[in-house]
Every structure is written in structure tokens, then in C-alpha cells.
Amino acid sequence: MEKRDWSEILEQIDRHEKILVTTHIHPDGDGLGSEKAIYILLKRLGKEVKIMNPDPLPYEYNFLNNDNIFNHYSESGHPGIIDEYDLTIVLDIGSIIRLGEVGQQMRETSRPIVCIDHHPIRHDSFDYEMVDPHVSSTAILLYDIFQNHFPDFFNLEIAEALYTGILTDTGSFRFKNTDTETMEIATELVRMGIVPGEIYNRIYENRLPEQTKLLGMVLQNINYELDGKIAWFKIDKELLDKAGAKAENIEGFTDFVRGIRGVEVAVKFLENSDQHTRINFRSKGKIVINKLAKQFNGGGHPYAAGAEIFKDMDRAIETLLPELKKCVQEQLDN
Ligand SMILES: [Mn+2]
């Protein structure tokens with residue numbers, strides 16, 4: 001493995017006693033697993049640590065939370081708390097916009113920020129960065145710290161957290177980012193004692209009935225463009241209510257739709273409010289979609305990205321679809 005220089009970041013950790021850790025809105029296994037790993041490390045180093053996330057912990061990641069380490073930040077619930085910490089470590093975020101309210105507070109307190117990430121499109125620069133877009137997950141970077149600097153601290157609990165990050169960001173080792181380094185590290189984690197089937201079950205064989213009902217409703221209303229190269233669907237408040245589901249219960253829907261024969265890009269539109277629509281892109285691997293996502297206040301990885309449009313859902317769809325078709329067609333022509 002390539003040698004990464006952690007000296008600046010380790011020096012910052014050394015210098016500060018109260019450290020805040022956070023990850024992006026709609027937290028995923030990579031953000032959460034990486035947070036847990038660094039939390040344990042910082043505790044072992046004798047630091048006062050708090051994980052403060054802009055969104056609640058999705059239920060399928062409860063197994064990472066046996067010590068109740070994940071906090072859902074709100075200004076009223078935690079007044080002034082971000083100000084109390086003298087260093088912040090942000091994990092897997094891509095852009096500070098994706099830190100929601102936590103990011104806003106961080107900007108106001110202007111404490112030094114360490115960023116550990118693997119998103120290729122950068123909107124912001126941070127005081128200290130370890131960003132490697134070539135790794136399949138942020139968890140791989142955390143693995144590097146433990147492997148090279150804290151092998152004595154590297155225990156099964158950390159291995160499980162890191163495996164969670166790798167598993168979820170590679171779509172269970174199916175996505176294009178699954179490379180030899182990913183497999184080698186996964187092997188090493190298995191050697192340390194993690195049980196892949198158990199972690200998989202906790203995360204993926206744990207779907208709620210209402211979530212399944214919602215998926216069924218979504219699958220009945222898929223729209224196709226460009227002879228089926230693009231498939232898109234929308235989820236509004238009404239549909240969520242009908243299924244009895246919540247907006248956080250839609251993990252994996254876009255991946256499922258991408259799995260349709262002939263589809264190159266799947267797109268989900270989610271109504272957040274009558275002036276805000278969230279968009280999620282999944283590509284099979286021919287079409288790069290993060291540049292388009294960037295045009296619409298977003299970003300992400302070449303084949304998995306997100307965006308947002310500050311319009312109601314129908315207007316957002318009208319705005320995005322022509323650009324999306326153009327983007328897909330141009331790349332297919334090349
Ligand atoms: Mn990630």
C-alpha cells in the first residue's frame with residue numbers, strides 16, 4: 001500500500017484535547033464506521049471526544065452504537081456545544097454543505113478542521129486534509145492510520161466499524177470501486193475476526209415492512225428516457241405517507257433501479273419540501289455523473305452522486321431531465 005503522510009493530522013490530534021467528530025447528512029456505513037473507528041482511537045489517546053452528526057443514526061447501524069456514541073446535533077438540544085471543542089474532524093463529507101447545521105456552526109466557531117475523505121470533487125478546502133479519491137471508502141484511510149501508526153489499538157470493534165464502511169461504500173463488493181486494495185483490507189479484517197455474513201445481515205437483511213412496501217410502490221412507477229438508458233422515479237410526501245415510511249427508509253432504491261437491464265443511469269427525486277428536492281444518481285459504470293451533480297449543488301463519486309435543486313419536485317425534474325439526457329447522450333456518443 002502506498003505510504004500516506006499522516007504527520008500533520010497526527011500532530012493536530014496530539015495538540016488538542018477536546019475533539020469533535022462528524023460526518024455528512026443522511027449518514028452511511030462509511031461515515032459512521034469511520035467515525036466509530038476514530039472515536040475509539042481518540043479515546044485511547046486520552047482525548048475528550050464527541051460525535052455530533054447533522055442527522056440521526058439510521059436504525060440499521062444501531063449495532064455500531066452499543067456505547068451510545070452517536071449524537072444527533074440540534075442547536076436547541078446542544079446549545080454552544082460545537083464551540084466547546086477545539087478541533088473538528090470531518091469524515092467522508094465531500095462538501096461542507098453536506099454537514100447541514102453542524103457545518104454552519106463550525107463555520108461560525110472557526111476552529112481548525114481536519115478532513116479525511118475520498119470524494120473526488122472538492123468544494124471546500126480544510127485546514128488539514130487527507131483526501132484520496134482512489135480509495136473505495138474513507139474507512140480504507142482509517143485502516144491506514146491504525147495499520148501504520150496504532151497497530152496496538154487495532155481491535156475487533158474497530159475492524160467491524162471499518163468493514164461496515166468498506167462493505168456499504170462498495171455495494172457489498174459489487175461496485176466499480178471494488179479494487180485489490182479493498183479486497184486485501186477486507187481479507188485482513190476477516191483475519192482479525194469479523195464475520196462478513198453477520199455484518200451484512202445486520203445492515204441489509206433488516207429492511208422494514210413499510211420500506212419494502214414503499215419500494216414496491218416506487219417500482220410500479222419508473223420512468224424511462226433515451227430508450228431505457230435512463231430510469232428515474234420520484235418519492236413525494238404523499239407516497240411516503242401511503243407506505244407509512246420515512247425519508248430515511250429509501251437506502252438502496254436507486255441501486256435497485258439501476259439493476260434493470262439496459263439502464264445506464266438511475267435517478268431518484270425526493271421531495272424534501274415544496275422548495276427543495278434531493279436527487280440521487282447511480283451509474284452502471286459507463287456514464288460519469290458527478291460532474292452533472294456538481295452543476296446542481298452536489299457532487300460525489302463518478303458512478304454514485306447526489307444533488308439538490310431548490311424548487312418543488314416537478315420543477316426540479318423539469319430542470320434536471322434535459323441536462324441529464326444531454327449528459328448521458330454525449331458520453332454514449334463518445
Ligand atoms: Mn464514503
Side-chain angles (χ1 to χ4, degrees), residues 1 4 9 21-39 51 53-55 57-58 60-61 64 70 88-100 102-103 113-124 126 129-146 158-179 181-183 185-186 189 199-200 203-204 248 250-252 254-255 258 268 278-283 285 288-290 293-294 298-307:
M1 205 199 298
R4 297 184 181 92
I9 289 176
V21 176
T22 189
T23 186
H24 56 80
I25 50 169
H26 300 296
D28 57 21
D30 190 27
L32 296 163
S34 299
E35 279 187 319
K36 178 162 185 178
I38 205 149
Y39 177 91
I51 298 176
N53 288 337
D55 271 338
L57 183 74
E60 64 267 37
Y61 297 111
L64 293 174
F70 296 102
T88 305
I89 301 180
V90 300
L91 299 161
D92 195 46
I93 63 163
S95 156
I96 202 163
I97 300 171
R98 295 181 72 224
L99 279 177
V102 173
I113 301 172
V114 169
C115 171
I116 305 174
D117 196 6
H118 68 129
H119 288 81
I121 291 183
R122 313 302 304 167
H123 296 260
D124 316 286
F126 297 91
E129 296 192 338
M130 175 56 73
V131 177
D132 184 350
H134 303 295
V135 295
S136 58
S137 54
T138 299
I140 301 254
L141 297 173
L142 271 294
Y143 176 90
D144 188 17
I145 305 185
F146 282 100
I158 295 164
E160 274 190 350
L162 297 183
Y163 187 84
T164 299
I166 295 170
L167 181 76
T168 53
D169 260 29
T170 59
S172 308
F173 307 103
R174 290 172 298 142
F175 296 166
K176 268 210 153 181
N177 59 358
T178 308
D179 53 12
E181 182 186 41
T182 303
M183 295 313 248
I185 291 174
L189 299 174
I199 296 180
Y200 180 88
I203 301 168
Y204 294 111
E248 69 239 38
I250 52 175
E251 240 349 271
T254 324
D255 295 325
R258 174 182 55 185
K268 171 183 81 199
R278 290 188 188 285
I279 302 149
N280 188 254
F281 302 89
R282 289 289 188 268
S283 164
V288 169
I289 31 77
N290 57 355
K294 193 184 178 189
H301 304 289
Y303 310 118

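Read the numbers this way: they start at 1 and go in the same order the structure lists the ligands and their atoms.
- Side chain of K36 to main chain of L64: a donor-acceptor pair is present (N/O by atom type, distance under 3.5 Å, no hydrogens or angles).
- Here H301 contributes atom NE2 and N290 contributes atom CG; the two are 9.0 Å apart, rounded to the nearest 0.5 Å.
- If you take OH on Y204 and CD on E60, they are separated by 8.5 Å, rounding to the nearest 0.5 Å.
- For the atom pair F70 CZ and T22 OG1, the distance stands at 11.0 Å (nearest 0.5 Å).
- Ordered by chain and number, D30 OD2, D92 OD1, H118 NE2, D169 OD2 make up the set of protein N, O or S atoms under 2.8 Å of the Mn ion (ligand 1).
- The neighbour count for E251 CD, taken as heavy atoms of other residues, nucleotides or ligands under 6.0 Å away, does not exceed 12.
- Annotation: ring pair (Phe, Tyr, Trp, His ring centres under 6.0 Å) contacts of H26 (sequence neighbours excluded): none.
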